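Notes to accompany the following structure.
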Amino acid sequence: MSKVFIALQTNDDTRPIIESILADNPHAVPVESPAMIKIDAEGHLTVKRESISELIGRDFDLQELHTHLISLSGHIDESDDEFTLHWND
Amino acid sequence: MDMQVPKKKLGLKERYTLMTRDLAWDTTYQPKEKVYPYADYEGIKIHDWDKWEDPFRLTMDAYWKYQAEKERKLYAIIDAYSQSNGHLGVTDARYLNAIKIFLTAVTPLEHMAHRGFAHVGRAFPGAGARVACQMQAIDEMRHAQTQIHSLSNYNKYYNGFHDAPHMYDRVWYLSVPKSFFDDAITAGPFEFIVSVGFSFEYVLTNLLFVPFVSGAAYNGDMGTMTFGFSAQSDEARHMTLGLECIKFILEQDPANLPIVQRWIDKWCWRGVRLLSIVAMMMDYMLPKRVMSWKEAWEIYFEENGGALFKDLARYGIKMPACAEQIRQEKDHLSHQVWSAFYNYSGATDFHTWMPTEEEMQWLSQKYPDTFDKYYRPRFEFWREQQEKGNRFYNKTLPMLCQTCQIPMAFTEPGDPTKICYRERSYKGNKYHFCSDHCRHIFDNEPEKYVQAWLPVHQIYQGNCFPEGTDPTAPGFDPLAAVLEYYRINVGHDNGEFEGSEDHRNFEAWRGMAKRND
Amino acid sequence: MQVAAVKDYVGVPRDVVDNFHGNQLVYVGWDDHLMFCAPLTFPFPPTMRFGDIVEKVLPGAYGYHPDWARIDWSKVEWMKSGEPWVPHFNRTLAENGIGHKDAIRFRTPGLTGIKGSCS
Amino acid sequence: MQIDLRTVSIKPQRQTYGHIARRFGDKPASRYQEGTFDLQPTANFHYRPTWDPDREIFDASRTRLTMKDWYAFKDPRQYYYGAWTLARARQQDTAESNFDFVESRNLGALLTEDVRRLALDMLLPLRHVAWGANMNNSSICAYGYGTAITQPCMFHAMDNLAIAQYLTRIGLLLGDTSSLATAKEHWLYAADWQGLRRYVEDCLVVQDWFELFVAQNLVLDGLVYPLFYKTLVEDELSLRGGTAVAMLTQFMTEWYAETAKWVDAQIKTACAESPDNAALVRGWVSAWQARALEAVMPLAQSALGERAGAAVDDLATQFAARVAKCGVPA
């Protein structure tokens, strides 16, 4: 199974995003670098609107991710509630 | 009346369709072939543009909202960084030379991508694809401008930043990125999107914008970190577009496969050659290093690119033929390219230097099989000579590869002691190449590559002197005339870093910052 | 292969010999001496004596290298277009069969660069 | 090590980039200047385009217009990406609250049926006109010459996409998806829309990019925006209790007022350059204006009834005055 990843800037806005991604994807592995974090995951990784909204105490729009995103890999499936990366192999 | 019927809430996808492709129609007053004259000549068969899956669904209102937020943050940081003399906080002024390369070699490509995506954003008959490409067209303009604006303050204090667009059209090493993008934009719209959207954005730009920019942060360069990561947040959209394009083309017709495979092979290699300069920026030009080029390559090309090719295998796409040579070169690339720039440092708008002993130890540790054996002796010799006041400059122009236009500095696969020479005769003329892959690219389209504007040959044809130069005048100095044509200020912009104006100024200014007088 | 284009696509080669004002290009590479990162490009008239290149031009280009002074020219091995070849020093480039954009390499047996690293 | 970098006073070596200093002098330059001037490559292109083998990648001969300096085409708004995005984001905020206001108070339901019908019938097919403008401006950006004019055309292309999207939202707010489908049917088949559709489609095949700029941005927009958004929406519909519609088209009205100044500046620059340019522009304006007036006439009749003739005459007079002010000869 190939790995997908998402890389985010590390700042106060992304702290809850990172926290919820790691909680929702127990198989994900964070790799930290200066000013950024890369989260690797075997096969797939899902970002959930609900989880982030709960952590930040307001409604989170998944499109807000784009403000902090550095890079990603894998195919994207996007709905109002979930943003998923996956490979088809 | 129909107003009273409660409205069904439209889903993201349905709504986006109404906001984009539903705006289009099949023209009847003008034939399709005239409205989209560039859609067919590459031989790519598209039967149904409606099968296009939008890679992201951003309407203009949301686009403006999020982009404006990013721009506000970015410019606030740029302003604060400039106002507080942030440039004095970088680890060491050597670092700035990497950023000069960024401005002269990368920023102009962003502008080219802007124009290229405007072109395909008009040329594709599919409405969904056009909108996605147009959005990338403005993003690319954003990247060009945020880079120019972020680096503007460095230009005020340091040499070599001053004439990027002029140099891009003229300076010898910049013909490498320029010919790369000229090649892409002169191709048809489908090849363009495969070359830039897929091979370059998806497979390769991660190497520049992720580990290198993280390195910039590590070296205290908030400006570059900010525009780099901010640009990269758009790249995620661009990468998705590239991937969607390739899937779409392959799903449309099996006859597209061999054409696409040829483009992937070609652009993977073209991209690898272009990125060789990033290899040296990472290994030699960052005073504090996050990871080696080789390590970054393994993560972002071998692991990530590998996953992608595994995924595309179901369409019949194979890993490019050049992959094996690429794997071997990762142990050599940065050292060979740094050597080349050290050779010709007299003719660049940035400085070069020899690594310190501590840095060489890092290189030995990161490249245990190659650095000490092939490169350390050369670098130690150069350093000794420089310390004796006999700094090495190669004063004779190099032989260039007809395709990638890089000096023929790469060695034979399997033998790092021998330059790799390849040649081909075509219509009575000889052409030379750095590798089988560059020759192969030429062989596929010789009528294109015979046109290459090779800087060395242009100099010898007398085409690289300032207007009005008389090469027959007594005492004419051709090299000085070429540097003048380049607008490289001799003794300020070029040559050895140690003792350069940048070096001295940075030390003096930083010294002032530590004192209270 | 033909270039796929909207109409006939014919490239005009930019580097034909006529563009060099009476000169031709010759590439020269010194094997096992990668301190010179790539082979060199020279514009020479076809009437130039080959020996003059070796005696008058190359020292300026390669003389910096400590091996240069140690070359035993009687032992040097030459290649043209990757094939073994023997030049005549007293003949011109044209008489030596060196055409426009020919690549010439020479190997200096026993000399393998700085500390044997082929640098 | 703590360094207070702010206290260091050092003298800059230069104030701006060399190419900017050569144009404007070595003094602090604006972000518009640094981000725009001389950005486009002009020399030593490597290969000819496979899509246009007779020309260079960027080639001034893609229009018959000639300029000594293509960077004479300055943008009075001084838009670079950041300035443009921030301006549009602000306008978008206003548009968003207008849409919210109309929607939350259900103002659409308060419109009389004939006003609602007229608004949908007349505005929704304009989605496709804006879409044509999007393609044409993308084309000008791709094949035009000099960043000073290619850059704002790409912004203009995206603005037009946004306008098509606002019109779509108006359709969904005042009607539903079938309203959009009906409008598209009209656009494709209804007799009174065919002149306009033909004009738009003919623009899609114009090869000369400055002619396209004239036909699309000066002539077509210069007649369509005043007629539909001013005369019809702001005057006619408001009188008939349709102010809510005017709230929903506020973006278009403001956008047109802003962009017309930019368009005029380009036409003025082109004409001031030489009598040959002025004559070219005159020829393009005359040819396209006649067609555009003819195309909007039946639509004016549907919208305004017997006052259509006078309204279109007014439109033509005002347009002629605008064009004359830009230095286009009579």
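Note that the structure is a prediction, hence the values are computed from the model and not measured. Residue numbers start from 1 in every chain, and the chains themselves are labelled A, B, ... in the order their sequence lines are given, proteins ahead of strands.
Taken from CD in B:E303 to OG in A:S2, the straight-line distance is 8.5 Å, to the nearest 0.5 Å. Atom CD of residue B:E53 and atom CD1 of residue A:I76 lie 12.5 Å apart, to the nearest 0.5 angstrom. The structure places OG of A:S79 at 9.5 Å from CZ of B:R57, a figure rounded to the nearest 0.5 Å. To the nearest 0.5 Å, atoms CG (A:L72) and CD (B:E235) are separated by 11.0 Å. Summarising the geometry, atom OG1 belonging to A:T10 is positioned 7.5 Å from atom CZ belonging to B:F229; distances are rounded to the nearest 0.5 Å.
Side-chain contact between A:F5 and B:N304: present, with at least one pair of heavy atoms (C-beta onward) separated by less than 4.5 Å. Side-chain contact between A:M36 and B:V213 is absent, with no heavy-atom pair separated by less than 4.5 Å. In this structure, the side chains of A:T67 and B:K73 come closer than 4.5 Å at one or more pairs of heavy atoms. Residues B:K310 and A:W87 are not in side-chain contact: their nearest non-hydrogen atoms beyond the backbone lie 4.5 Å or more apart.
What you find for B:L243 and A:G74 is that their closest heavy atoms are CD2-O, 3.9 Å. Here the closest heavy-atom approach between residue A:H66 and residue B:R237 is recorded as CE1-CG, 4.0 Å.
For A:Q9, the part lying near chain B is the side chain, with the backbone staying farther off; criterion is any non-hydrogen pair under 4.5 Å. At a 4.5 Å heavy-atom cutoff, the contact between B:I299 and chain A is made by side-chain atoms alone. For chain A, the nearby part of B:Y300 is the side chain; its heavy atoms alone come within less than 4.5 Å. With a 4.5 angstrom heavy-atom cutoff, A:I70 touches chain B via backbone and side-chain atoms both.
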* To do: For B:K65 and A:Q63, run side chain to side chain contact (heavy atoms under 4.5 Å, CB included): C-alpha distance rounded to whole Å, both residues' side-chain angles, the deciding distance at 0.1 Å, then the answer.
  => CA-CA 10 Å; B:K65 181 177 156 193; A:Q63 293 200 327; over 6 Å; no
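Interface remark: of the candidates A:K3, A:E78, A:H68, A:K3 forms the most heavy-atom pairs closer than 4.5 Å to chain B. When B:N206, B:V290, B:V210, B:L308 are compared by the number of non-hydrogen pairs under 4.5 Å with chain A, B:L308 comes out ahead.
A side-chain donor-acceptor contact under 3.5 Å links B:S214 to the backbone of A:P34. With hydrogens and angles ignored, the 3.5 Å screen pairs a side-chain donor or acceptor of B:D311 with a backbone N or O of A:N88.
The salt bridge (Lys or Arg N to Asp or Glu O under 4.0 Å) test applied to A:D61 returns no partner, not counting sequence neighbours.
In the displayed structure, A:E42 atom CD is contacted under 6.0 Å by more than 12 heavy atoms of other residues, nucleotides or ligands.
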